[in-house]
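Lettering follows sequence order; numbering is per chain, from 1.
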Amino acid sequence: MKLRHNKNFTAGAVITGLMLAVILVGMVWTPYDPNAMNGRAKMLAPCLTHPLGTDNFGRDILSRVVEGAGATFLIAAATVAIGLFAGLVIGGVTGWYGGWLDEIVMRFNDAVTAFPSILLALVLIALFGSGKYKIIIALGVLFVPSFARIVRAEVARQKSLDYVASARLMGAGDMRILFLHILPNIVPVLLPSVAIGFNNAVLAEASMSYLGVGVRPPDASLGRMLNEAQGYLLSAPWYALSTGAAIILLILGFGLLSEGLGGENGAA
Amino acid sequence: MAVTLLLISLLAFLAFQLIPGDPVTKLLGSDYTPERAEALREEMGLNRNVLVRYWDWLSGFVTGDMGDSYNYGMSVRQVMAGKGVVTAALSLMAWLLVIAISIPLGITLARWQGGRLDRVFVAMNQVFMAIPPFFLGILFTYVFGLVLKLFVPGGAVSPRDDFWGFLGYLAFPALAIAIPKAAMVTKLLRSSILNQMGQDYVRTAYSRGNSRWSVIRGHVLRNAILPVVTFVAMTLADIVAGSIVVEQVFALPGLGRLLLASIGNRDYPVVQCIVVIIAFIVVFMNYLADVVTQYIDPRIRLG
């Protein structure tokens with residue numbers, strides 16, 4: 001992979017790198033306390049002291065966007081981590097052993113992937129209630145089938161290759177072959193899906209928090225901020241615009257990365 | 001397809017049996033006595049085997065009897081009646097917009113590959129794909145609703161009162177849902193056509209004196225459109241799900257709002273019903289995609 005000459009990858013890396021840097025800085029320092037209200041500075045337009053203006057409680061929007069982006073990023077990352085880990089185990093085992101277990105799991109997978117992910121997430125929220133950790137678990141579980149499917153297909157393809165037979169001749173056990181020999185070989189196929197999964201997670205979390213069934217008030221979230229901002233579109237359009245821009249940049253960065261890595265966008 | 005449908009409905013049904021809490025307690029409220037609860041349970045058939053209840057629910061669902069809502073004091077069917085129309089119209093409009101935008105655009109871009117329009121598209125495409133539909137909806141509310149005053153945000157009209165006004169109001173949310181999807185489909189169609197352009201049969205067609213346009217129109221399109229058909233069919237599912245969120249942005253009285261309200265009220269028969277209907281749409285669209293691909297390419301046999 002010639003990543004250095006790949007425009008998409010470079011642009012994606014730059015955007016994602018900048019967002020990550022801002023998020024990391026935001027974890028230790030923001031210009032203002034994101035939750036500090038200021039009665040004398042309500043609904044300020046962007047100016048020197050408040051680069052993105054202030055909201056209806058006089059809170060600094062830049063600080064809030066940075067904090068919200070951090071929260072959204074962590075939720076999406078945790079979600080993808082859950083989905084990826086479980087997907088690796090389930091996809092690896094079913095792809096390697098095949099048979100009736102494979103048949104059943106993949107049938108179940110088909111049924112689950114038939115639901116749009118936001119809808120399924122809403123169902124899980126309906127069953128178990130909302131909140132940050134419940135969102136992470138609900139979305140994480142939802143991403144398992146798509147990762148499992150990709151891993152399974154790749155493992156099934158790789159297991160008939162010569163290097164697997166050689167490893168077996170050397171006396172390597174099933175799990176050793178699966179996770180030490182095959183896994184590194186499917187990483188290139190997996191990376192774009194991870195980026196797409198991350199984007200789907202950002203979108204799902206933002207949508208659900210926007211709908212009021214996601215992250216709950218003491219926790220920050222870009223989606224929830226957009227919900228608030230919509231009420232002040234006419235008096236403070238910069239509130240919605242800067243929050244939305246943060247979501248777009250997060251998704252755009254990873255979208256470009258996935259494109260640069262050779263993935264098909266929107267295919268997950 | 002039948003197996004998947006059965007499995008989906010079973011999953012949806014079982015999921016709502018796992019909920020902590022008892023509908024009987026909620027329905028009786030302050031009238032709760034153990035005897036009354038038992039009687040109501042008997043009346044609602046909650047004492048019977050889960051699979052028996054599943055069968056009852058499924059056969060009711062298929063014949064149009066979808067049970068009763070816990071909250072509204074009427075049948076699920078009545079609760080959903082006017083709402084389904086809104087969601088269906090919105091989704092369908094968005095879906096047709098996706099097709100109407102992306103098919104001509106994708107073909108045009110491939111025809112003049114490397115031209116000005118093509119370069120602008122390649123540069124901007126990722127941005128369009130990255131915009132969440134509900135944020136696009138908020139932008140539209142601001143630009144077209146509040147600044148240009150082309151529509152009144154939150155002022156949805158009923159299709160019975162003013163059919164064209166209803167469609168006009170839907171145009172903005174439909175566009176908000178359609179644009180990110182249209183960007184994806186355009187990109188897919190463009191690259192699918194360009195992939196075909198290197199094939200031997202294209203060289204043969206050129207050597208017979210065809211222009212680039214007549215090669216694309218007469219030979220390439222039929223092959224290039226196959227993966228696009230499957231993808232376009234699958235986007236309808238995403239669009240229906242996306243409309244749940246976008247309905248909220250534009251205060252449209254559709255299934256999405258009903259679903260959210262029902263989740264808030266723990267009105268599970270309604271939630272269950274909406275979920276199963278959307279899942280059925282997804283499965284049906286996938287099936288339809290298979291049928292259409294087979295029609296375009298007779299070599300593909302339905303499995």
Checking B:L259 against chain A: side chain, backbone, both or neither under 4.5 Å from a heavy atom?
side chain
Ion pair B:K83/B:E247, N-O distance below 4.0 Å:
no
Honestly, the part of B:L139 sitting under 4.5 Å from a heavy atom of chain A is side chain
CZ of A:R64 to CG of A:L222, rounded to nearest 0.5 Å, is 10.5 Å
Non-hydrogen atoms of chain A under 4.5 Å away: do they reach the side chain of B:I138, the backbone, both or neither?
both
Using the ring of each side chain (for Trp, its six-membered ring), is B:F140 parallel, tilted or perpendicular to B:F172, with breaks at 30° and 60°?
perpendicular
Heavy-atom distance under 4.5 Å to chain A: side chain of B:V249, backbone, both or neither?
both
Quick check on A:L241 against chain B: is it the side chain, the backbone, both or neither that has a heavy atom closer than 4.5 Å?
both
Heavy-atom pair count under 4.5 Å with chain B, highest-scoring of A:L234, A:L226, A:V213:
A:L226
Counting heavy-atom pairs under 4.5 Å to chain A, which of B:P132, B:G145, B:A241 comes out on top?
B:P132
What about the rings of A:Y239 and A:Y232, do their centers lie closer together than 6.0 Å?
no
Paired with A:E205, the side-chain hydrogen bond (donor to acceptor under 3.5 Å, both in side chains) test is passed by just one of A:T72, A:T79, A:N200, namely A:T72
Spatial distance of atom CD1 (B:I244) from atom OG (A:S207) [nearest 0.5 Å]
10.5 Å
Mind ranking A:L203, A:I251, A:V202 by heavy-atom pairs under 4.5 Å with chain B and telling me who comes out on top?
A:I251
Please look at B:F134 and chain A and tell me whether the side chain, the backbone, both or neither of the residue comes under 4.5 angstrom of a heavy atom of that chain.
side chain
Determine yes or no for a side-chain-to-main-chain donor-acceptor pair under 3.5 angstrom, with A:S209 supplying the side chain and A:A206 the backbone.
no
